[in-house]
There are 2 protein chains.
Amino acid sequence: MTVTIYDVAREAGVSMATVSRVVNNNPNVKPQTRKKVFEAIERLGYRPNAVARGLASKKTTTVGVVIPDISNSIFSEVARGIEDIANMYHYNIILCNADKKKEKEIRVINTLLEKQVDGLLFMGGTVTDDHLQAFKTASVPIVLCGTTDDKDTIPSVDIDHESAAYDAVKLLIGQGHTKIGMISGTLQDPANGYARYQGYKKALEQAGIPVTEERVRVGNYRYESGYEVMKYFLELSDRPTAIFAATDEMAIGAIHAAQDQGLKVPDDLSVISVDNIRMASMVRPQLTTVAQPMYDIGAVSMRLLTKLMNKENVEMSKVTLPHEIIQRKSVAHA
Amino acid sequence: MTVTIYDVAREAGVSMATVSRVVNNNPNVKPQTRKKVFEAIERLGYRPNAVARGLASKKTTTVGVVIPDISNSIFSEVARGIEDIANMYHYNIILCNADKKKEKEIRVINTLLEKQVDGLLFMGGTVTDDHLQAFKTASVPIVLCGTTDDKDTIPSVDIDHESAAYDAVKLLIGQGHTKIGMISGTLQDPANGYARYQGYKKALEQAGIPVTEERVRVGNYRYESGYEVMKYFLELSDRPTAIFAATDEMAIGAIHAAQDQGLKVPDDLSVISVDNIRMASMVRPQLTTVAQPMYDIGAVSMRLLTKLMNKENVEMSKVTLPHEIIQRKSVAHA
DNA sequence: CTGTTAGCGCATTCAT
DNA sequence: ATGAATGCGCTAACAG
């Protein structure tokens, strides 16, 4: 039925070892023999069985990546970076969606490990002790992608979320705003949530502006929640003149909520956020935001993983990529 | 180093066959023995090796999916549907990006087959003879997802693109528009390109409206090209009062081009398209569009694939999912 | 219900 | 430069 290395060997009149050699590009094969083998392969339509090869060599040339939400444009941008580099180093990707559920994250980590991936890329939210526990049982390298663990025990690549948020709010303050509302992510999320809130807080405190409870509201990162939270802000007696949103999506939601109430952005309300998803430049007014190098986060983390898998020793196992303010049209003077 | 089924067998005082049975949930094991084995597994931290299992059983419980562009929101929506159902049937996904390059598509199909996937989902643009050729060498089922081959020889799930386009243009005509421009995709692309153009043409012809060359322009599906093409339309002496765009992204680009020239949408210009990506309801005015059930396309095709892999016989191997007009705010009377 | 025995298709020593 | 032999970790008859 299926044609194996044995069949090829017989067809070419050589041993299976020789066939294995030519398939694996081993130089110790006479060119003529190599030719014979290739012809036999062609004739028989032989296709190497990567599973058998994986069992024998203990390498699968595939890496697992766990992704919190494949339909979120941030992650799919990052995934592109991962894919490109993986492809460059001839790795394939087993992509597992984890629905942002911790339990499912742990589960897929384990099935990925069962599949004998050569390495693991983890793009999750929080890295808990349970995660660390699961990682510890792995005999292959792991790198965190767009997140970090508190203790910095696992290699990772990410931006400095607090600093990014700080820069965003700082820009608002520089424009004379003092009544600055924040649409935050959940504070349980260390990266996009808590860290970005910390950056907001730090910028205000440093400018001597009090951080008040009524000016901070938690959303769920999505457009709709940005819209809802903005409606709340609009009803405040002393409403903010500027908004810092933890994500672009929420910022866009906020802009539309304001516009739907007849406000002009940025004239009546300034809005800034963090991410720079593609949509940020596809809305009117175009969104001013702090760009996160999503493609690079994916690419760099995959590159780091290839080094680790290759047992090269890496100097920096925790890399922080730079962010950058993209000034567009959603921020104006107070 | 690695603990195998053998070690567990020894530790539990049973044979490896028994261990295999409990791991595979074979009912023919005395509860007590089962318990002993589980304890041994726990104690040793045994983790089954899916590669070895794959070699022995000739099943890998993974399916390959080739995707033209992972960063395109349409495909990532579809991927979500695929993932959900795959997960439900305990399959993992090897996701391969093909950069919309035919050559690379063929290449990844082959490596996926080498990896012994149990089935293949192909989300590509055109299905050429070379594709068919590659598919033919596969001994596992394949289904096309969001595309079709001309000869209907491969199982597929998709919408009727021509009909969707027809309905969109029909709506414009129903609103009294006669000067209707089209921002098309490349006519080489049978689904999103040619078929949608055919629908446009058919609707116009049926209404007795001539199809003119200057009212049809080709874009590349993206926002920017919609923007550019719209600028062209705006400069026409007898400019269209309505636009049918082959994709939402191009439609949004068109809307912004019009707005940037001071036109009001939909008062001065109506715009409709096909897709219904998330962004369609996140722009102002919200986009009227023909919804393509992206999640379902993914889910149904994966479900179909599971049936095929399971050798159930399926009645309809070519399924056409319904589309639906979503009336929002970008279309008005002529 | 449990154990024995063969492979699955290939990489990899070790000889030659 | 090539071949013979061994085993990777597991499933799947088959036997008992």
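Note on naming: letters A, B, ... go to the chains in the order of the sequence lines (proteins, then strands), and numbering restarts at 1 for each one. It should be emphasised that the depicted structure is a prediction, and the values quoted were computed from it without experimental measurement.
Side chain of S15(B), nearest nucleotide from dG9(C), dT4(C), dC10(C): dT4(C). The side chain of T33(A) has dA1(D) as its nearest neighbour among dA1(D), dA12(D), dA4(D).
The separation between N28(B) atom CG and dA13(D) atom P is 14 Å, rounded to whole Å. Separating the CG atom of N49(B) from the C1' atom of dC8(D) is a distance of 8 Å, rounded to the nearest angstrom. The separation between N26(B) atom CG and dC10(D) atom C1' is 15 Å, rounded to whole Å. Atom C1' of nucleotide dT6(D) and atom OH of Y6(A) are separated by 10 Å, given to the nearest angstrom. Atom P of nucleotide dC8(D) and atom CE of M16(A) are separated by 15 Å, given to the nearest angstrom. Taking atom CG of L55(B) as the reference point, atom P of dA12(D) lies 12 Å away to the nearest angstrom. If you measure from atom NZ of K35(A) to atom P of dA1(D), you get 18 Å, rounded to the nearest angstrom. Rounded to a whole Å, the CG atom of N25(A) is 12 Å from the P atom of dA11(C).
Counting non-hydrogen atoms of neighbouring residues, nucleotides and ligands closer than 6.0 angstrom, the CD atom of E103(A) reaches no more than 12 such neighbours.
When the nearest nucleotides of DNA chain C are assigned to N24(A) and A56(B) by heavy-atom distance, the more 5′-ward of the two goes with A56(B).
Counting any heavy atom pair closer than 4.0 Å across all strands shown, V51(B) reaches no nucleic acid atom. Residue V14(B) is classed as a sugar-phosphate contact, given heavy-atom separations below 4.0 Å to backbone atoms only. Residue T4(B) is in sugar-phosphate contact alone, with no base atom involved, counting any heavy-atom pair closer than 4.0 Å across all strands shown.
Under the 3.5 Å distance criterion, with hydrogens and angles disregarded, a donor-acceptor pair is assigned to the side chains of S71(A) and D69(A). Side chain to side chain, Y221(B) and N72(B) fail the donor-acceptor criterion of an N or O pair below 3.5 Å.
Scanning atom types as modelled, one donor and one acceptor separated by under 3.5 angstrom connect the side chain of R21(B) and the base of dG3(C).
Put simply, R53(B) has no side-chain N or O that comes within less than 4.0 Å of OP1 or OP2 on dG9(D). Put simply, S20(B) has a side-chain N or O that comes within less than 4.0 Å of OP1 or OP2 on dT11(D). Considering only side-chain N and O atoms, T2(A) lies under 4.0 angstrom from the phosphate OP1 or OP2 of dG9(C). The shortest distance between the side-chain N/O atoms of K58(A) and the OP1/OP2 oxygens of dG9(D) is below 4.0 Å.
Checked against the 6.0 Å centroid criterion, the rings of F122(A) and H131(A) qualify as a close aromatic pair.
The pair K101(B)-E105(B) does not count as a salt bridge, with every side-chain nitrogen at least 4.0 angstrom from each carboxylate oxygen.
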